[in-house]
S.K.: 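I have a structure here, written as structure tokens, and I will follow up with some questions on it.
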2 protein chains.
Amino acid sequence: METVAERAGVSRALVSLVMNDSPKVSDERRAAVLRAAKDLGYRRNLHARNLAQQRTQTFGILINDIHNPFFAEVVAGVEKAAADHDYDVIILNGGRDPERERRAIETYLQFRVEALVLIGPRLSDAELRHAARDVPTVVVAAGGNFPSTDTITTDDIAGTRLAVEHLVGLGHRDIVHLDGGNNISADVRRQGFVEAMNRCGLDGRIITGGDSGEQAAPAIKELLASKPRPTAILAFNDLLAAGVLSALSDTGVDVPGDISVVSIDNTFIAALGHLSLTAVNQPRWEMGAMAVATVLDRIGDQTSTDEEPGGTPPVASATHQSLAPNLVVRKSSAPPRTGAQ
Amino acid sequence: METVAERAGVSRALVSLVMNDSPKVSDERRAAVLRAAKDLGYRRNLHARNLAQQRTQTFGILINDIHNPFFAEVVAGVEKAAADHDYDVIILNGGRDPERERRAIETYLQFRVEALVLIGPRLSDAELRHAARDVPTVVVAAGGNFPSTDTITTDDIAGTRLAVEHLVGLGHRDIVHLDGGNNISADVRRQGFVEAMNRCGLDGRIITGGDSGEQAAPAIKELLASKPRPTAILAFNDLLAAGVLSALSDTGVDVPGDISVVSIDNTFIAALGHLSLTAVNQPRWEMGAMAVATVLDRIGDQTSTDEEPGGTPPVASATHQSLAPNLVVRKSSAPPRTGAQ
DNA sequence: TTGTAAGCGTTATCAC
DNA sequence: GTGATAACGCTTACAA
């Protein structure tokens with residue numbers, strides 16, 4: 001910067017003003033500075049800037065597994081909303097490992113990100129509360145596991161109900177939920193399934209699944225051996241549903257002729273033509289956008305709190321927002337074969 | 001830090017030493033400092049550190065589209081290899097938009113990342129050469145589009161040949177390549193297909209596809225109307241292949257009974273049980289690891305160049321490494337029906 | 001082993 | 001408009 005200033009025949013401060021395109025610089029000087037900068041290949045140092053400015057204009061977003069197609073859209077929502085408010089976003093990958101998540105959060109904190117968006121974190125509520133003490137934090141898509149942090153979730157109770165009512169509406173009565181095992185949202189979805197079935201005056205069966213396709217085959221095998229054979233299956237997520245489709249077709253069971261399949265999440269997998277899964281859609285993009293809105297609120301709160309001498313509590317209690325899911329009907333669901341039961 | 005030093009009754013420098021766990025600090029002082037730090041909730045400022053240290057220990061990785069399942073594994077490879085060498089990795093998303101890519105690279109440069117890994121960038125070679133002047137850069141999975149930058153690719157010529165030879169070995173003679181349109185690797189794959197077919201003494205037909213599933217349907221419709229109907233299709237990538245499967249089953253064509261389908265990439269989509277695509281596998285994890293090895297080489301070169309006064313050329317010419325693909329046989333390919341032709 | 005002091009590259013304040 | 005000058009929070013010789 002020094003060098004640029006010299007070459008342009010101005011002071012260092014002037015260069016700074018130009019780099020931040022302040023209005024109070026004469027056009028000629030500005031041009032001179034810009035030219036000098038270009039000639040010298042000058043590029044401002046973000047660290048120095050952040051240090052001097054005492055802020056980073058950056059949000060950190062932690063995804064728990066970069067392989068999961070669920071996250072992409074949430075990230076896109078966060079990025080867009082953040083950009084609209086002049087924030088940068090950097091992504092760290094938790095790799096399904098709590099330890100890596102911890103390190104990532106620590107990195108973000110040392111980095112002085114101004115907010116943290118955690119997508120499906122594996123950390124405990126307590127740990128997170130501790131980490132989040134220092135920066136506005138919001139958890140996206142992690143069921144009800146984080147009472148002490150702001151969260152954004154899709155209403156899984158409503159989602160499973162949508163699925164069940166769709167199936168019941170088609171005429172299904174014997175519906176099985178292939179659950180998510182000990183996965184993060186599995187509990188709520190199980191509960192939602194049971195409630196929805198009861199509400200329809202039905203008993204719902206639940207069998208253990210998981211969150212990946214391979215876990216479907218054994219479960220389905222067992223299920224088909226049981227009697228009566230159900231006419232519809234609600235799978236924990238798209239991947240599991242894909243596994244179900246595969247297991248069923250291996251066994252010669254027609255979907256949706258013999259059995260209807262509905263899944264939850266509606267990632268692009270559900271939309272793959274060959275699968276064409278009827279699925280409960282989570283508004284992922286909106287969840288991302290809402291996450292940003294939430295942390296921006298917190299940032300605003302903090303600021304005003306700082307200003308008023310009164311001494312309001314440092315943080316308002318955690319908010320838990322849930323978004324309404326909707327059902328996307330595709331080809332994997334249909335009325336049960338008449339007399340099939 | 002000042003405060004921590006005071007509370008621990010030591011100097012600021014000592015605190016710094018402790019934070020970087022230098023060996024030359026007495027255990028008692030170290031303990032005192034650590035306690036003070038914890039009490040005060042002290043957390044070092046990475047920007048200050050990077051500034052003072054004149055290095056960031058960080059690589060930047062730019063993915064062109066966070067939705068594409070192809071990238072996840074590459075990123076994983078980069079992360080692992082980088083971590084092994086004590087580098088952090090931050091991810092920015094190009095969002096399929098050259099302008100965003102430009103901004104992301106500029107951000108990385110201002111951030112003073114020590115190397116750049118670009119996965120499937122959309123930028124032009126010229127632009128990239130310009131940007132990469134200042135930092136070791138490697139392009140992963142972008143065909144032969146970047147002559148002036150180090151690149152890591154899978155040998156698509158070999159890959160398509162693997163696919164063709166597999167099909168020919170099964171007895172197929174009339175094979176159609178549903179190509180990637182103007183997508184980044186489409187040219188090489190087209191070329192590889194033609195060469196491999198010729199090598200087998202066959203003529204390959206090529207029809208226009210794209211890189212997403214929807215683009216398959218019209219192409220397949222046209223294809224089935226043509227005669228003779230081919231017995232096998234090589235699709236540009238997994239998504240397109242999924243579209244092909246869907247289009248074929250809509251038309252009542254059995255896979256692999258009537259037509260075999262082979263795809264390229266072998267992302268998790270190909271492995272979905274219901275699709276079960278025979279696919280040419282790109283060693284994505286290894287590509288990521290190799291990318292790191294490559295930039296580490298460059299970093300090493302730079303350093304030694306700095307040391308020797310002689311004045312060797314600033315950069316050796318770009319290297320272009322290609323990895324061998326392999327074929328993963330699943331259920332979508334089989335011998336042609338006897339007499340089907 | 002510990003402390004002192006000089007940067008690191010910006011921004012910000014305030015006279016001019 | 002412009003230019004000194006003091007932070008910003010840390011690392012790192014060098015001295016003690």
Side-chain angles (χ1 to χ4, degrees), chain A residues 1-38 40-58 86 88 106-114 134-135, chain B residues 1-37 40-58 86 88 106-114 134-135 306:
Chain A
M1 196 159 175
E2 185 81 58
T3 328
V4 173
E6 256 172 40
R7 185 181 241 264
V10 300
S11 76
R12 258 189 13 247
L14 212 275
V15 176
S16 174
L17 291 183
V18 172
M19 293 323 275
N20 297 303
D21 38 48
S22 145
K24 39 188 186 181
V25 177
S26 67
D27 286 352
E28 28 177 351
R29 303 239 182 198
R30 152 165 289 128
V33 169
L34 255 26
R35 180 150 19 79
K38 166 150 278 180
L40 268 43
Y42 167 77
R43 189 163 275 138
R44 76 168 158 221
N45 184 318
L46 266 190
H47 303 290
R49 168 182 235 253
N50 290 338
L51 188 57
Q53 237 177 201
Q54 294 290 77
R55 62 172 306 198
T56 55
Q57 295 260 38
T58 300
D86 271 324
D88 277 335
E106 181 59 27
T107 300
Y108 278 138
L109 260 22
Q110 296 192 6
F111 192 91
R112 304 296 191 265
V113 294
E114 297 183 28
D134 301 312
V135 58
Chain B
M1 195 157 177
E2 185 82 58
T3 329
V4 174
E6 255 171 39
R7 185 181 242 264
V10 300
S11 75
R12 264 198 356 256
L14 215 275
V15 176
S16 175
L17 290 184
V18 172
M19 295 319 278
N20 296 303
D21 37 49
S22 146
K24 37 189 186 183
V25 177
S26 66
D27 285 354
E28 30 177 349
R29 303 239 181 200
R30 152 164 289 128
V33 169
L34 255 25
R35 180 149 19 78
L40 267 43
Y42 168 77
R43 189 162 274 140
R44 77 168 158 222
N45 183 317
L46 266 190
H47 303 290
R49 168 185 235 249
N50 289 339
L51 190 56
Q53 234 177 204
Q54 293 290 78
R55 60 172 308 196
T56 54
Q57 296 260 41
T58 300
D86 272 324
D88 277 335
E106 181 59 28
T107 300
Y108 277 138
L109 259 22
Q110 297 191 5
F111 192 91
R112 303 297 191 263
V113 293
E114 297 184 28
D134 301 311
V135 58
D306 286 356

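First the proteins, then the strands, lettered A, B, ... as listed; each starts at 1. Since this is a predicted model, take the numbers as computed values, not measurements.
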S.K.: Rounded to the nearest 0.5 Å, what separation is found between the OG1 atom of Thr3(B) and the OH atom of Tyr42(B)?
M.R.: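 So the gap between those two atoms works out to 9.5 Å.
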S.K.: Could you go step by step and tell me if Val15(A) and Met19(A) meet the side-chain contact (heavy atoms from CB on, under 4.5 Å) rule?
M.R.: CA-CA 6 Å; Val15(A) 176; Met19(A) 293 323 275; 4.2 Å; yes
S.K.: Just checking Val25(B): base, sugar-phosphate only, or nothing, at a heavy-atom cut-off of under 4.0 Å?
M.R.: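 Result for Val25(B) = sugar-phosphate.
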S.K.: When rounded to the nearest 0.5 angstrom, what distance separates OG in Ser22(A) from NZ in Lys24(A)?
M.R.: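 NZ of Lys24(A) is found 5.5 Å from OG of Ser22(A).
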S.K.: Would you say Gln54(A) places a side-chain N or O within less than 4.0 Å of OP1 or OP2 belonging to dG9(D)?
M.R.: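 Result: yes.
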S.K.: Is any side-chain nitrogen or oxygen of Arg55(B) closer than 4.0 Å to OP1 or OP2 of dC10(D)?
M.R.: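 For dC10(D), OP1/OP2 do not have a side-chain N/O of Arg55(B) under 4.0 Å.
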S.K.: Show the nearest heavy-atom pair for residues Thr107(B) and Leu46(A), with the distance to one decimal.
M.R.: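 Smallest interatomic distance, heavy atoms only, reads O-CD1, 4.0 Å.
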S.K.: Which is true for Ser26(B) with a 4.0 Å heavy-atom rule: it touches a base, it touches only sugar-phosphate, or it touches nothing?
M.R.: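 Sugar-phosphate contact only.
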S.K.: Looking only at heavy atoms, what is the nearest atom pair of Ala36(A) and Val4(A), with distance?
M.R.: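 So the minimum-distance heavy-atom pair works out to CB-O, 3.8 Å.
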S.K.: Considering all heavy atoms of both residues, which atom of Arg12(A) and which atom of Glu2(A) are nearest to each other, and what is their separation?
M.R.: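 Minimum heavy-atom contact is NH1-OE1, 3.3 Å.
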S.K.: To check you understand the geometry: which heavy-atom pair defines the closest contact between Asn50(A) and Thr56(A), and what is its length?
M.R.: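 Taking every non-hydrogen atom into account, OD1-CA, 3.6 Å.
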S.K.: Between Met1(B) (CE) and dC8(D) (P), how many Å, whole number?
M.R.: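 Spelled out: CE on Met1(B) to P on dC8(D) is 15 Å.
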S.K.: Do side-chain atoms of Arg112(B) reach the backbone of Gln54(B) as a donor and acceptor pair under 3.5 angstrom?
M.R.: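 The answer is no, because no donor-acceptor pair under 3.5 Å joins these two groups.
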S.K.: Might you point out which heavy atoms bring Asp86(B) and Gln57(B) nearest each other, and give the distance in Å?
M.R.: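 Answer, listing the atom of Asp86(B) first, then Gln57(B): O-OE1, 3.1 Å.
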S.K.: Which residues within residues 42-49 of chain B lie with some heavy atom under 4.0 Å of an atom in DNA chain C?
M.R.: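 Result for residues 42-49 of chain B: none.
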S.K.: Could you state the CD-C1' distance from Gln53(B) to dA13(D), rounded to the nearest angstrom?
M.R.: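 Going from CD in Gln53(B) over to C1' in dA13(D) covers 14 Å.
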S.K.: Could you pull out the closest heavy-atom pair between Gly9(B) and Arg29(B), with the gap in Å?
M.R.: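 Scanning both residues completely, I find the closest heavy atoms to be O-NH1, 4.0 Å.
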S.K.: Can you give me the first and the last nucleotide of DNA chain C (5' to 3') that has an atom within less than 4.0 angstrom of a non-hydrogen atom in chain B?
M.R.: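 Both ends considered, the range comes out as dT1(C) to dG9(C).
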S.K.: Roughly, in whole Å, what's the span from CG in Asn20(B) to P in dC10(D)?
M.R.: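 That distance rounds to 11 Å.
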S.K.: Counting only non-hydrogen atoms, which of residues 3-12 of chain A are less than 4.0 Å from DNA chain D?
M.R.: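 By residue number: Val10(A), Ser11(A), Arg12(A).
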S.K.: In whole angstroms, how far is the P atom of dT11(D) from the CG atom of Leu51(A)?
M.R.: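 Rounded to whole Å, this separation is 12 Å.
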S.K.: Find the distance Leu14(B):CG to dT12(D):P and express it as a whole number of Å.
M.R.: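 The answer, rounded to whole Å, is 15 Å.
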S.K.: Let me know which of Gln110(B), His47(B), Arg49(B), Gln53(B) forms a side chain to side chain donor-acceptor pair (under 3.5 Å) with His47(A).
M.R.: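 Option passing the side chain to side chain donor-acceptor pair (under 3.5 Å) with His47(A): His47(B).
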S.K.: Nearest-Å distance, CG (Leu17(A)) to C1' (dG1(D))?
M.R.: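 My rounded result for the distance is 9 Å.
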